[in-house]
Structures are given as structure tokens and as C-alpha cells.
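Both ligands and their constituent atoms are indexed starting at 1 by order of listing.
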Amino acid sequence: MKKAIVTGGNGFIGSNLIKFLLDKKYFVINIDKNKYSNGSYLLKDRKGKNYKFFNLDINSIKIFNILKKYKPEVIFNLAAETHVDRSIEKPKDFIHSNINGVFNILEQLRKYKKKIKKDIRLVHISTDEVYGDLKEKESSSEKSAYKPSSPYSASKASADHLIKSYVRTYKLDSVISNCCNNFGPGQYPEKLIPTLIFNILNNNSLPIYGKGENSREWIHVDDHCRGLFTIFKKGKIGESYNIGTGININNLNLTKLLLRIVKKKIRLGKKVRIKFVKDRPGHDLRYALNSQKIMRKLKWKSKIKFEKGLEDTFDWYLENYKFFNLFSKKNFFKRLGLNT
Ligand SMILES: NC(=O)c1ccc[n+]([C@@H]2O[C@H](COP(=O)([O-])OP(=O)(O)OC[C@H]3O[C@@H](n4cnc5c(N)ncnc54)[C@H](O)[C@@H]3O)[C@@H](O)[C@H]2O)c1
């Protein structure tokens, strides 16, 4: 049976990727240190014989034993600290998971290659944020220089460089994806779209940083998972691939669009109003990807329309409201990253 390791498999993208791989009949090994929740909500019914969970930090040397025992074809590395505001508040955690953690995975893969004389492909999940912010009409291709602005994006950029050096020096089989902002079921409530939905459902105001002008490119998590699988199967060793949709929208317009969708489904409470709050320090204005490489060379393209994906995402949170109860409100709704 084909085997895959997913690190960070209890997180938003990781748990969606595990569902995708299980549907493709992979045996999936999930390695996650369970930082926020007690297991994955999306995977709670997946205790079957094709799925194994290890409650482990990616900095552990036990990773080697797991590689040796299961001999997977691929390891998708999604374990990371991911919230930019948290990286401003407490950067050290980001160095631990996003740089040291990746270094440890590379070292365990190097040891595996030496001892077992086989390669395991590493698909490392990076981000568009490594390219820094862009002016209107500009976009970042895989050849653009890295220009990270936050401790989060700098930690992701460091890992990408480390991986490229291991490909060149030790000939490790690795590919990198740089994806734009994801949305969909099971995203942690500290991120923009789930925060908006939680506040809409609780008759709270909708906090928008600055004037809401910060613009992001958005992709549905299912399209991203398909892109990661394509890169695993067809990506060229040592290459990076941007995964984007070309759909850019600023936070204010996104909030207005969500409100238009929601109004057709439920009655909005009186307090549900946009409220501008103090901006994030160093907040990047705009990210945009040029994703021609994956489209032309690997024949991948996004399929899910933004508005329809957003509507389905709202419906998912409505039907799975108990998902919010898994997290401590104190941790998720406290404003972070202003104390510089
Ligand atoms: N969400 C996005 O929009 C987006 C966009 C581009 C790239 N990415 C990248 O995709 C990956 C997954 O993002 P996400 O949104 O699912 O994040 P998430 O925060 O929902 O999940 C991350 C998971 O990693 C785990 N983790 C953190 N540090 C760990 C460690 N040291 N050892 C083991 N597990 C650890 C956490 O417990 C969590 O379950 C990240 O690498 C992120 O940088 C995310």
C-alpha cells in the first residue's frame, strides 16, 4: 500500500490533505504536536486501519524511527507556526517549528538516505508571504527575490533556503510549494474568514485591520491539496512551484462579499458591523502570485470559484459550530502582535 506522512496533519490544510490522501487510498501517518486542539476535528471519524497519528514535535529524532518503520513514498511538511500576529508577539516559537523543525526533518531524511539507500520525497509547504508585498499589478514568480516582512514569513523563507541547499549538497529529493491564502472547512478561528464568521454568528462587530485595504490572493483548500499532490507526483526535484488562483481581493471587499452571502441565509444581528481596528505592525499591503509554471508544466489549475467556495465555507461553519468550541476563546480572540 502507498504510504504518505503528513506533518501538521491536525491543522487546517494538513487535515484536509489527509482526507484527500485517504480518499486516494494512501496509508497516512500524521505527525502533529497538537498545539491548539486535542486532535483534528476533520479527522475525528478517521480511526481506520489506513491512518496512524503520532503526537510528536517535528524537532524529535524519533522522526527517523517513523521513516524506518513505514518507509513512505513522500512526506508533506505542513507543521508550522502560522499566525503572523503570533509571530510578532512571540517569534521564538516560529524559529523552533519553521526553521529548526525543517532542519531536523532534513537531517532525518539525510540519515535515512544514507542508511536505507532510498529517497523519500519531501514536499515542503511554503507561502507567498516569502516574496513580501507588492504594488498594484505586480506579481511574484518563482524567480522573484525573497523579501519577507514578518518573523513568520522570514522563518518560512529560511526553511526554503535550507531545503534548496540540501537538494544541491546532499541530493535530497525535495520540492517546494508557495501558496496563497487558503480558505475552507476547519481553519483555526484566529484567521480572518473564520473570525468573521464567528463574529457574524455571535452578533459581534467585525474587526478589520487598518482601513481594510490589505489585499490577498485566495484559494480553496481543496484546490491547494490537489496542487500539492500534483507537485508530489510531477514536480521536478529542487524546484519551487507557486500555487495561486489570480483572485485578489482586499479585506474590506471580502468582508462585504461575505456579508452579502450570509444575508441570504440568516438574519444579521444589530451589532454585526465592520469595525476598523489598529493595523498590524509591518502589515504587507498586497501579495499576488504568478502561477504559470504549475499551470503550464504540471497542468494544474484551480477549479473552485471564490464566491461559491466562500458560501460553502460559511455553510460548513454553520453546520459545525461546535468546531469553535474546541478552542479557548481567550487564545483565539485576543488581539495579538500590537506590543512591539
Ligand atoms: N493557511 C494558509 O493560508 C497558508 C498559505 C500558504 C502556506 N501555508 C502553510 O501551510 C502549512 C499549514 O498551514 P495551516 O493553515 O494548516 O496551519 P495551522 O496553524 O492550521 O496548522 C499547523 C499545524 O502544525 C502543527 N505544528 C506546529 N508546530 C509543530 C511542530 N514543531 N511539530 C509538530 N507539529 C507542529 C500545529 O499543531 C498545527 O496542527 C504551514 O506550513 C503554512 O505556512 C498556509
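- Every protein residue with a heavy atom nearer than 4.0 Å to ligand 1 is included here: G8, N10, G11, F12, I13, D32, K33, N34, K35, L56, D57, I58, L78, A79, A80, T82, S97, I125, S126, T127, Y152, K156, C179, C180, N181, N182, Y188.
- Formation of a donor-acceptor pair under 3.5 Å by the N242 side chain with backbone atoms of I294 is not found in this model.
- Side-chain atoms of N202 and Y321 form a donor-acceptor pair, as typed in the model, at a separation below 3.5 Å.
- Residue I95 belongs to a hydrophobic cluster whose other members are I99, with links defined by side-chain heavy atoms closer than 4.5 Å.
- H220 and N182 are not linked by any side-chain donor-acceptor pair at a separation below 3.5 angstrom, with hydrogens and angles left out of the test.
- Taking a 4.5 Å side-chain heavy-atom cut-off between Ile, Leu, Val, Met, Phe, Trp and Tyr, the cluster of V130 extends to Y131, Y146, L289.
- Taking D223 as the reference, R226 meet the salt bridge (Lys or Arg N to Asp or Glu O under 4.0 Å) condition, with sequence neighbours excluded.
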